[in-house]
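Please read the structure below before turning to the comments.
Numbers restart at 1 for each chain; the letters A, B, ... are given by sequence-line order, proteins then strands.
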There are 2 protein chains.
Amino acid sequence: MALRHAVLAALLDGEFSGYQLAKGFDIGVANFWHALPQQLYAELARLEGEGLLSGREIVQEGRPNKRVFQVTEDGFAELERFAAASAKPSFIRDDLLVKVQAVDDVDAAPVIAQLRERAAVAEAKAEVLGKLLRRLRGELDEDEFLRTGRRIGPYLTCRRGLAFERETREWCLWAAESLVRREDVECAGPT
Amino acid sequence: MALRHAVLAALLDGEFSGYQLAKGFDIGVANFWHALPQQLYAELARLEGEGLLSGREIVQEGRPNKRVFQVTEDGFAELERFAAASAKPSFIRDDLLVKVQAVDDVDAAPVIAQLRERAAVAEAKAEVLGKLLRRLRGELDEDEFLRTGRRIGPYLTCRRGLAFERETREWCLWAAESLVRREDVECAGPT
DNA sequence: TCATCATAGTCAAGGAATTGAGTAGTCATA
DNA sequence: TATGACTACTCAATTCCTTGACTATGATGA
């Protein structure tokens, strides 16, 4: 079991529907978990079946009704248990890194292009996270907020996400530059 | 298909057995992919069946024989295709981040302990990667190596891994400190 | 000498994730 | 007025990954 705890943690912010979670997983929670809508719907149904979440129908006008979920007593207990248990080491999986690993044996041009694209994506994500952080801490400065804010968990994880995206951007640009310089040399070498 | 390309990329360094890959996945390749031995053996068998790898038996004394694999022509072609195709966005999955997200609603003490443990692991990993980088570039300085080295792919990915581990360490210590300060305040508040 | 660790792998079961398609109503745009 | 985009969700098939156990041999240590 794995996604379940990420879903429970995401629902600590309030009530959300599967659709909202699927959207919201792009920011915030996406810093430490990633899931497709199908998975989320399935997991929400399972968690409700086990009594860790309770759902209720929200009737809407001008758009389809939705079911939103909140964490139950049992859900909190499950999170408590999870937080105290020893964590598995994290893992990254990144196609782009695999390509860079193999870059000496394949055409470098598309890899360079993808590195630059990824750098741009990381920059955009970093900006979104920066805004989210400012919103979370309100008028307080960071130190003050961390001392006195009611909920700092989401702030801490967003900070991790921001550092990660910045690091990603820097590395992508540096790696792309390093590869470009070699291509120049190859082409400009003595014939 | 996913693991297959990571395996192909890992085998560009030379011939390796499933067992060696399983060990080696802890460092180097682990910066962008993670897999259990069972998966590796299965994937190696599949890749050999498809002709992307060729394996041969190495007879050893004092220990069991082993089968090592190398990338075939078709394997290189597959990597070439993969490198040119558009990459999926990477993803992280980290139990510890989930716990931090939920930290305001659960007992913070075990989360703090896990953050410190993770920081220590990250530091150890960073040291291993630092040594690996020095070994890869030999006597050259980084800039010189990146310009003239034969294979820079593994160097670039290790550099990413190093940055990631350092960032992880810094963040874990910072987050743990932030949480500890709040616990102090809670306990020291006016009765 | 008995236990344990390291090398080198295999097998089976079950849970988790991805791929791909499909339903159904609302709204804006052309 | 039909085309596509957005909200909101569902289903099935397949592939992928994890869990846990199991077989051997040789070396190390108590």
* Asked: B:Phe16 has an atom CZ; how far is it from atom P of C:dT7, in whole Å?
  -> 15 Å
* Asked: Taking only residues two or more places apart in sequence or in another chain, which ones pass side-chain contact (heavy atoms from CB on, under 4.5 Å) with A:Arg56?
  -> A:Glu15, A:Ile58, A:Val68
* Asked: Does a nitrogen or oxygen in the side chain of A:His34 sit under 4.0 Å from OP1 or OP2 of C:dA16?
  -> no
* Once you round it to whole Å, what is the distance between P of C:dA16 and CZ of A:Arg93? -> 15 Å
* Below 4.0 Å: OP1/OP2 of C:dT10 and any side-chain N or O of B:Tyr41 -> no
* To do: Taking only the side-chain nitrogens and oxygens of B:Lys66, find out if one of them lies under 4.0 Å from OP1 or OP2 of C:dA6.
  => no
* B:Arg169: what forms a side-chain contact (heavy atoms from CB on, under 4.5 Å) with it, not counting sequence neighbours? -> B:Ala119, B:Ala122, B:Glu123, B:Leu173
* Would you say D:dT7 has OP1 or OP2 under 4.0 Å from some side-chain N or O of A:Lys23? -> yes
* **A:Tyr19 side chain near D:dT7 phosphate (N/O to OP1/OP2, under 4.0 Å)** => yes
* Asked: Cationic tip of A:Arg159 within the cone over B:Trp174's six-membered ring, i.e. under 6.0 Å and within 45° of the normal?
  -> yes
* **Members sharing B:Tyr41's hydrophobic cluster (side chains within less than 4.5 Å)** => B:Tyr19
* Over how many whole Å does the gap from A:Leu21 atom CG to D:dA8 atom C1' extend? -> 13 Å
* Mind checking side-chain contact (heavy atoms from CB on, under 4.5 Å) for B:Val180 and listing every partner two or more places apart, or none if nothing turns up? => B:Ile112, B:Arg116, B:Asp184
* Asked: To the nearest 10 degrees, what angle separates the axes at the start and end of the helix from C:dT1-D:dA30 to C:dA30-D:dT1, five pairs each?
  -> 30°
* Structure fact -> Quick note, side chain to side chain donor-acceptor pair (under 3.5 Å) partners involving residues 64-77 of chain B, not counting sequence neighbours, are B:Glu48-B:Arg67
* To do: Report the distance from atom CD of B:Gln39 to atom C1' of C:dA12, rounded to the nearest whole Å.
  => 15 Å
* Asked: Under 4.0 Å: is that the gap between some side-chain N or O of B:Arg46 and OP1 or OP2 of D:dC16?
  -> yes
* Asked: Starting at CD of B:Glu43 and ending at P of D:dT15, how long is that distance when rounded to a whole Å?
  -> 12 Å
* Could you state the CD-P distance from B:Glu57 to C:dT7, rounded to the nearest angstrom? -> 18 Å
* Asked: Between B:His5 and B:Phe82, what is the ring plane arrangement, given parallel below 30°, perpendicular above 60°, and tilted in between?
  -> parallel
* To do: For B:Arg151, enumerate each residue passing the side-chain contact (heavy atoms from CB on, under 4.5 Å) test, keeping only those at least two apart in sequence or located in another chain.
  => A:Asp104, A:Asp105, B:Leu12, B:Asp13, B:Pro154
Check nucleotides 21-27 of chain D for protein N or O atoms closer than 3.5 Å to its own N or O atoms and list the pairs.
| unit_1 | atom_1 | unit_2 | atom_2 | d |
| --- | --- | --- | --- | --- |
| D:dG26 | O3' | B:Gly62 | O | 3.2 |

* **Distance in angstrom units between A:Leu3 CG and D:dT18 P, rounded** => 15 Å
* **Residue-phosphate contact under 4.0 Å: B:Gln20 side-chain N/O, C:dA8 OP1/OP2** => no
* To do: Only counting residues at least two apart or in another chain, list the ones meeting side chain to side chain donor-acceptor pair (under 3.5 Å) with B:Arg135.
  => none
* Spacing between B:Leu40 atom CG and D:dC16 atom P, to the nearest angstrom -> 14 Å
